[in-house]
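Here the structure is laid out as structure tokens; the discussion comes afterwards.
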Amino acid sequence: DAKTTQPTSMDCAEGRAANLPCNHSTISGNEYVYWYRQIHSQGPQYIIHGLKNNETNEMASLIITEDRKSSTLILPHATLRDTAVYYCIVGRFYSGGYQKVTFGTGTKLQVIP
Amino acid sequence: DAGVIQSPRHEVTEMGQEVTLRCKPISGHNSLFWYRQTMMRGLELLIYFNNNVPIDDSGMPEDRFSAKMPNASFSTLKIQPSEPRDSAVYFCASKGGESEQYFGPGTRLTVT
């Protein structure tokens with residue numbers, strides 16, 4: 001599975017957009033990009049995923065570059081409750097729906113009032 | 001839906017004792033994962049079950065660790081004998097079909 005590189009930490013002002021980058025230069029054609037976040041002491045929470053097209057849901061937007069070697073998670077209006085560690089991971093579906101993903105160290109996002 | 005349920009939420013035990021962690025996946029999900037999280041190693045996948053069958057246990061650290069899934073609604077992770085280096089937060093996650101993984105609240109294990 002492809003490895004990802006993320007900044008260790010980032011700050012964002014409350015109400016502003018948070019843009020979290022991720023490099024995955026060794027991603028293969030059948031691997032998806034997933035984003036999860038982990039708020040202190042809780043289990044990781046799924047945010048969004050995509051293969052090659054940009055994706056948007058009620059939580060965030062995911063922008064994947066055309067060569068798929070990097071992506072950006074966008075939280076459009078960050079709130080204090082978005083303070084968490086954000087994991088960018090790549091994984092793929094095997095037969096039977098097996099999703100092998102490897103969590104890296106993630107980006108610690110601090111939303112500042 | 002109550003989500004993934006794990007018990008106990010906290011466990012403190014002495015070195016050498018047997019520890020059993022429990023997980024109830026979301027109803028209808030056919031995949032179950034056990035993870036371990038420590039400050040040093042981050043979040044590691046220990047074992048994956050599909051339709052109650054262990055598919056990938058390459059992350060299980062050693063023979064002291066074992067996992068079972070006797071039916072679609074229950075799984076256990078057992079450590080026997082436990083050691084201080086097993087202290088960590090253990091997460092269970094489930095997945096249905098092609099969907100994302102849903103994680104439980106975790107069990108914080110402390111082995112003294």
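So that the names make sense, note that chain A is the first sequence line, chain B the second, and so on, each numbered from 1.
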Spell out, yes or no, whether [X] and [Y] are grouped together once hydrophobic residues are joined by side-chain heavy atoms under 4.5 Å, including indirect joins.
{"X": "A:M59", "Y": "A:I64", "answer": "yes"}
{"X": "A:I39", "Y": "A:L80", "answer": "no"}
{"X": "B:I5", "Y": "B:L21", "answer": "no"}
{"X": "B:F103", "Y": "A:Y46", "answer": "yes"}
{"X": "B:Y90", "Y": "B:M69", "answer": "yes"}

task: Flag yes if more than 12 heavy atoms outside B:R108 fall under 6.0 Å of its CZ atom; otherwise flag no.
output: no
- request: Would you indicate whether B:E14, at its atom CD, is surrounded by more than 12 heavy atoms from other residues, nucleotides or ligands within a distance under 6.0 Å?
  value: no
Rounded distance (nearest 0.5 Å) linking atom OG1 of A:T105 with atom CG of B:L43: 11.5 Å
query: About how many Å separate CD1 of A:I47 and CD of B:E100, when rounded to the nearest 0.5 Å?
result: 11.5 Å
- prompt: Quick check: does any side chain N or O of A:Y36 sit under 3.5 Å from a backbone N or O of B:Q101, one acting as donor and the other as acceptor?
  reply: yes
- prompt: Just checking heavy atoms, which of residues 71-79 of chain B are less than 4.5 Å from chain A?
  reply: none
- prompt: Would the A:F103 and B:Y35 ring centres measure less than 6.0 Å apart?
  reply: yes
- request: Output, in order, the C-alpha distance, side-chain angles, deciding distance and verdict of side-chain contact (heavy atoms from CB on, under 4.5 Å) for B:F91 and A:Q42.
  value: CA-CA 9 Å; B:F91 289 103; A:Q42 298 180 20; over 6 Å; no
- request: Return the minimal non-hydrogen interatomic distance between B:Q37 and A:Y87, and the atom names on each side.
  value: NE2-OH, 3.4 Å
